[in-house]
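Below, read A as the first sequence line, B as the second, and so on, with proteins coming before strands; counting in each chain starts at 1. Given the structure is predicted, the values throughout are model-derived calculations rather than measurements.
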2 protein chains.
Amino acid sequence: MLPKQKKPTMPELAKLAGVDVSTVSRALNDSPVVKTETKERIRKIAEETGYVMNVSARNLRKQSSEAIGIVIPLRPESGQGISDPFFLEMVGAVSSAASKRGYDLIVHLPEGEQTIAEKRLLQTGRADGLIVIGQAGLSERLNRLGDIINKVVVWGGSEKNESYTLVGSDNKAGGYAVGAHLLSLGKRRILFIGSLALPEVKLRYNGLLEAYNTVNLTHPSDLVLELDFGGQEAHDRVARLIEDGCKFDAIFASSDVLAIAALHAVQAKGLSVPGDVAMVGYDNIGQSGMIMPPLTTVDQNIKLGGEIMVNLLLRKLAGEEVSSQLTPTSLVVRETTVARVGRARI
Amino acid sequence: MLPKQKKPTMPELAKLAGVDVSTVSRALNDSPVVKTETKERIRKIAEETGYVMNVSARNLRKQSSEAIGIVIPLRPESGQGISDPFFLEMVGAVSSAASKRGYDLIVHLPEGEQTIAEKRLLQTGRADGLIVIGQAGLSERLNRLGDIINKVVVWGGSEKNESYTLVGSDNKAGGYAVGAHLLSLGKRRILFIGSLALPEVKLRYNGLLEAYNTVNLTHPSDLVLELDFGGQEAHDRVARLIEDGCKFDAIFASSDVLAIAALHAVQAKGLSVPGDVAMVGYDNIGQSGMIMPPLTTVDQNIKLGGEIMVNLLLRKLAGEEVSSQLTPTSLVVRETTVARVGRARI
DNA sequence: TATCAAAACCCAATCGATTGCAATTTTTGT
DNA sequence: ACAAAAATTGCAATCGATTGGGTTTTGATA
């Protein structure tokens, strides 16, 4: 590390290069009106002096921040806690997609019920746009974003006709694939676990119902276990169901975290998996392949999803008109095969 | 959402209030030199017009950004993948601690081997300081941070005498607690799983050794399973160990993710847990309580850790002299009791 | 060599807030 | 009631970069 007294600024580079700061600015921004050799001379000086541009100054002048915010509105009351690996993977995917385009990522994990204070991120000019992960109980609020609607992209499941730009995996196709898979294995009483209040989950459930329909069966309506508090609750309530004599030959959990919790409840009750009860999750988190037995699950292709969201957001910010988009999901059947399913537009 | 034409600026507020912008600025910053009623009048106007300050402008002038960066240098080659819930919990803890003090959090997940390009976050003025999570293979690099060393706080395990400010849970005490617990259960052949190249892990291992010493025993040197590739590898190698006839009556994994992987390998081999093999993890991630049997583990109190790191960082930024700090860990013995262990300074 | 367009560069205003210092008003002391 | 001290507020420079428009150079043409 060289001594490096202080960070040089553009005026200083200008002095060194014997040109005006405007020329330095244009040179560093590769403007075509600067002579090539001048550019190179200036760049070399910038290089040597270790010049780095002050982003606050640029942002102030250009009225933009080259940063996007990511908001993860975890419902504290919901069990979909922060420990669900799904979220970090999503942050990772978005972060990498953003930095690939030279954007920084500002994370915001709202606490409590705050209004969508995330809007501040935009209004203060800290972020140019916002990515919201999951509609978790605020889909109505999202529909009232008002003037910032064209700076926001949401990850989630499509409801009727949301007014905001939505990106999500094809939850219905995913649910259908799971249902078809289980039905083809001869399973008939599939217990669905999840919070139907969440659009993503509701769609997965609908996919399951459709799978039943396709083979002229109907899903037993008593086999839905609505949850609000995540893993621990899933574990306990599945155990209670079994104690109460509820019979099912498969479980379709709306997340791997729930599936793993349910899995252990089932095993604890002396039932075998997948013999007595087949088990399918959703998300394909790292651990789903490491547990015993390995979990069949649905991969949402988060990496791609993050990429698309950033893409769409930047295009929106550029004034382009964009439409919501679905990403493909794939059923990951452990130990056997992988089937790819639907892709479509919403 | 009101029509809200455009965002008002300070000069506009000044005009409305009939004062100079300097007065507005002071009023909004609660300067004591502004008369109270003037302050209130200005604030009311700001409120009504929905004024929000442009941070770029403030940052430019004040030469600060009110934001800190968090860097999570995952070693791609290491299995400690991004899916480890530990990291998100850490991001959450830091994010909440930061926002409590009005700071934003910029996440940076470096890809590949990049130099510590995160320095750019500082040099460009985007972030005032940096929090680095885990030394993952770059502890030497961290020791050469140079001029930015007083803007960085690292989470990890203490080596000999690192030059940077370090915050971490008391890994040695954690390891000791685990060892003491297992030994008190009569276990003697404890298999340690983890990558000793990571200071945190090394310290946990040392704690285990110390526990053995305390009861005048020594840890069988063949019972160390060094890993580089995380869960899947842990699963496979534990299985292989068993096949190869390696005998052990307990496993101490350096993370819950590894423990869960090992757990299933053990169970798959027909061994009972904790009857044949006791199993202890580290981190107390959400799932550790939901698996079967529930995992005894060590809680690092990440929430507190995040809080302390932000605290220390801000104090460093304020020019204060701070020293590294350990946070307490607690052994979480599932189904039984919870024992709190050590706290100290490094 | 004079003329003119194109190329390259410089000037100066601007983005929105902060802050030392000067100017003004209010309060206090006598 | 008047000067001095204290409390408020205004002026203007400043942070570091961008950019429209004007000026100087270059070089080609006649």
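Looking at A:Asp128 and A:Ser65, their side chains do bring a donor and an acceptor atom within 3.5 Å of each other. Looking at A:Lys303 and A:Ser96, their side chains do bring a donor and an acceptor atom within 3.5 Å of each other. In this structure, a donor-acceptor pair under 3.5 Å is present between the side chains of A:Ser158 and A:Glu162.
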Q. Between A:Asp20 and A:Ser22, does a side chain to side chain donor-acceptor pair (under 3.5 Å) hold up when you go through it step by step?
A. CA-CA 5 Å; A:Asp20 189 82; A:Ser22 60; 2.7 Å; yes
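Side-chain contact between A:Thr165 and A:Val154 is absent, with no heavy atoms from C-beta onward closer than 4.5 Å.
Relative to the side chain of A:Asn54, the nucleotides C:dG16, D:dA17, C:dT18 differ in distance, and D:dA17 lies closest. The side chain of A:Ala57 lies closest to D:dG16, out of D:dT19, D:dG16, C:dG16.
Look at CD1 on B:Ile42: it is 12 Å from P on C:dT18, rounded to the nearest Å. When rounded to the nearest whole Å, the span between CZ of A:Arg26 and C1' of D:dT19 equals 6 Å. As a whole-Å value, the separation of B:Glu37 CD from D:dA7 C1' is 13 Å. In this structure, A:Arg58 places its CZ atom 15 Å from C1' of D:dT19, rounding to the nearest Å. Summarising the geometry, the separation between CD on B:Glu66 and C1' on C:dA17 is reported as 13 Å, rounded to the nearest angstrom. Rounding to whole angstrom units, CG of residue B:Asn59 and P of C:dT19 are separated by 12 Å. Note: CZ (A:Arg61) to C1' (D:dA17) measures 8 Å, nearest angstrom. When the P atom of D:dT8 is taken as reference, atom NZ of B:Lys39 falls 9 Å away, rounded to whole Å.
For the pair A:Gln63 and C:dT14, the criterion of a side-chain N or O lying under 4.0 Å from OP1 or OP2 is not met. Between B:Thr23 and D:dG10 there is a side-chain polar atom (N or O) within less than 4.0 angstrom of OP1 or OP2.
No engagement by B:Val24 is indicated, since no non-hydrogen atom pair under 4.0 Å with the nucleic acid exists. Using a 4.0 Å heavy-atom distance criterion, A:Thr38 is classed as a sugar-phosphate-only contact. If you check every strand for non-hydrogen atoms under 4.0 Å, B:Val33 touches a base.
At a cut-off of 3.5 angstrom, counting only N and O atoms as typed in the model, there is a donor on one side and an acceptor on the other between the side-chain of A:Ser22 and the base of C:dC11.
For the pair B:Arg41 and B:Leu60, nearest-nucleotide mapping onto DNA chain D gives the more 5' position to B:Arg41.
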